[in-house]
Amino acid sequence: MQVELMTVLSNKEIAHNIYEMILSGQMVNEMTRSGQFLHLRMKDPNLLLRRPISIASINEDSCTLLYRVVGKGTEDMSSYQVGDQVDILGPLGNGFHIDFLQAGDQVSVIGGGIGVAPLYELGKELLAKGVKTTFILGFANKDDIYYEEAFRQLGEVILCTDDGSAGLKGHVGVALDQVQPQAVFACGPTPLLRLVQSTFDQLEHVYLSLEERMACGIGACYGCDTKRKDKRVCTDGPVFQREEVSL
Ligand code: FES
């Protein structure tokens, strides 16, 4: 973990209120695992709290973040221009473990909304290992969909939208009976994670990445407790094994 002023190479809207920010800096060399996150300071000095943003892709000399503009902080983030420097603490948290998988294994990767973002780097790692992946990706509607083609390069994609404007109609639950995976990885809102947790309760390898508001990001403030007192999302997670968290 380090603090660095990383340089903005690109920062643009790629779907409705979804932005892609590409950053360069030495910290990229420390990013070794999907599922970790960065803690960004905002441009406006009045916004004191950093914002945790998951790493969507680790590239050769840069990293990609995907974030949804939902309030003052993320709106401020969207105003960063090419060449700006961003104060970043990271990389933070424990990411996805895939060491137990072998080439030819079948897994499902399930995401909803902005929770789809960290699953892209995970998908790249799974492909590199020769694992066969089915991505089940849920969005509110067709305007919210991002990285569809990028995911199709990595495996099978089942799209779901709440209003049926693209793919299957409904949340990701409508597609879960179409897969029989050996392992499951999921990220998204709590109802999605709860559904994955209960649907695959017989499976040994189920990993859930929790979306949580964070203040310090380094285990000091207890602002991101899971319902188990000994686990904090920022340092013990954000990725947990199914039985480690009560949702
Ligand atoms: Fe402070 Fe996790 S954000 S302990």
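In listed order, ligands and their atoms are each counted from 1.
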Identify, by atom number and element, the atoms of ligand 1 in contact range of [X], meaning under 4.0 Å from any of its heavy atoms.
| X | value |
| --- | --- |
| Cys234 | 2 (Fe), 3 (S), 4 (S) |
| Gly219 | 4 (S) |
| Ala220 | 4 (S) |

Quiz item: So how far is it from Leu66 CG to Tyr120 OH, rounded to the nearest 0.5 Å?
Solution: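 If I round to the nearest 0.5 Å, the distance is 10.0 Å.
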Give the residue and atom name of whichever protein heavy atom lies nearest to [atom], and the separation in Å to one decimal.
| atom | value |
| --- | --- |
| atom 2 (Fe) of ligand 1 | Cys224 SG, 2.2 Å |
| atom 4 (S) of ligand 1 | Tyr222 N, 3.2 Å |
| atom 3 (S) of ligand 1 | Gly217 N, 3.2 Å |

Regarding [X] and [Y], do their side chains bring together a donor and an acceptor under 3.5 Å, going by distance alone?
| X | Y | answer |
| --- | --- | --- |
| Asn11 | Tyr67 | yes |
| His205 | Arg242 | no |
| Asn59 | Thr64 | yes |
| Tyr147 | Glu20 | yes |
| Thr161 | Lys142 | no |

Exercise. Using a cut-off of strictly less than 2.8 Å, determine whether Cys216 has an N/O/S atom near atom 1 (Fe) of ligand 1.
Key: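 Checking atom 1 (Fe) of ligand 1 against Cys216, an N, O or S atom does fall under 2.8 Å.
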